[in-house]
Amino acid sequence: MRAYRFTLRPLTAFGSSLAGDTLFGQLCWTLRHACGEARLTELLQGYAEGAPFAVLSDAFPCGFLPLPCLPSSFWTHDDADRKTLKTKRWIAVEHMKKAPDQWMGNALNDEAAYGRTLDPSGGPYSPCTRAQPHNTINRLTGATGEGA
């Protein structure tokens, strides 16, 4: 199986993190619009036969992979706070070449990993700090109205 990596550059914030099933749904809609429903049905038939045409993962910060979940006895680390170690979820692709017991020492938390990813304006990207607009709905009229 070939592995492909795509870089997404969102222009607005998302309501939640990009999960693999969400990305797969968007891929299916794109294929349906571009190739037609019959072609999408043909491609999806492979899943029933154990031969999927694509398997998508959750989105990661650019240049990082999720740190594998292993018991702490597998890691070489200093006597750092256990809660701090639990927040380290990402490892840079280049550090994956090191011995697995060294991975925790090179792992980063969300803020550090996303801080190395640039948003479209050129600044650091953080999925947790974007403003999200909301509408207020009047429950009596079922519509948005003036004021809060």
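The first residue of the sequence shown is numbered 1, and numbering continues consecutively from there.
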Heavy-atom check, side chain of [X] versus side chain of [Y], under 4.5 Å:
X: L40; Y: C35; answer: no
X: L8; Y: L18; answer: yes
X: F24; Y: V55; answer: no
X: F53; Y: L27; answer: yes
X: D110; Y: P61; answer: no

Can you tell me how far the [atom1] atom of [X] sits from the [atom2] atom of [Y], to the nearest 0.5 Å?
X: L31; Y: Q26; atom1: CG; atom2: CD; value: 11.5 Å
X: D58; Y: D21; atom1: CG; atom2: CG; value: 7.5 Å
X: R32; Y: T41; atom1: CZ; atom2: OG1; value: 9.0 Å
X: R5; Y: S57; atom1: CZ; atom2: OG; value: 11.5 Å
X: N109; Y: L67; atom1: CG; atom2: CG; value: 12.0 Å
X: H33; Y: C28; atom1: NE2; atom2: SG; value: 11.0 Å

**Report entry** L108/F64 under side-chain contact (heavy atoms from CB on, under 4.5 Å): CA gap, chis, key distance, verdict
**Finding:** CA-CA 9 Å; L108 299 174; F64 290 88; 3.5 Å; yes
Query raised in the report: Are there more than 12 heavy atoms of other residues, nucleotides or ligands under 6.0 Å from atom CD of E49?
Result: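 Yes.
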Which heavy atom of [X] sits nearest a heavy atom of [Y], and at what distance?
X: P66; Y: I91; value: O-CG2, 4.4 Å
X: W103; Y: P68; value: CZ3-CG, 3.5 Å
X: A59; Y: W90; value: O-CH2, 4.5 Å

Query raised in the report: What's the verdict on side-chain contact (heavy atoms from CB on, under 4.5 Å) for T136 and T144, showing C-alpha distance, side-chain angles and the deciding distance?
Result: CA-CA 6 Å; T136 303; T144 58; over 6 Å; no
Report task. Identify whether W29 and Y47 are in the same connected component of the hydrophobic contact network (ILVMFWY, side-chain heavy atoms under 4.5 Å). Result ->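 The answer is no; the residues belong to distinct hydrophobic clusters.
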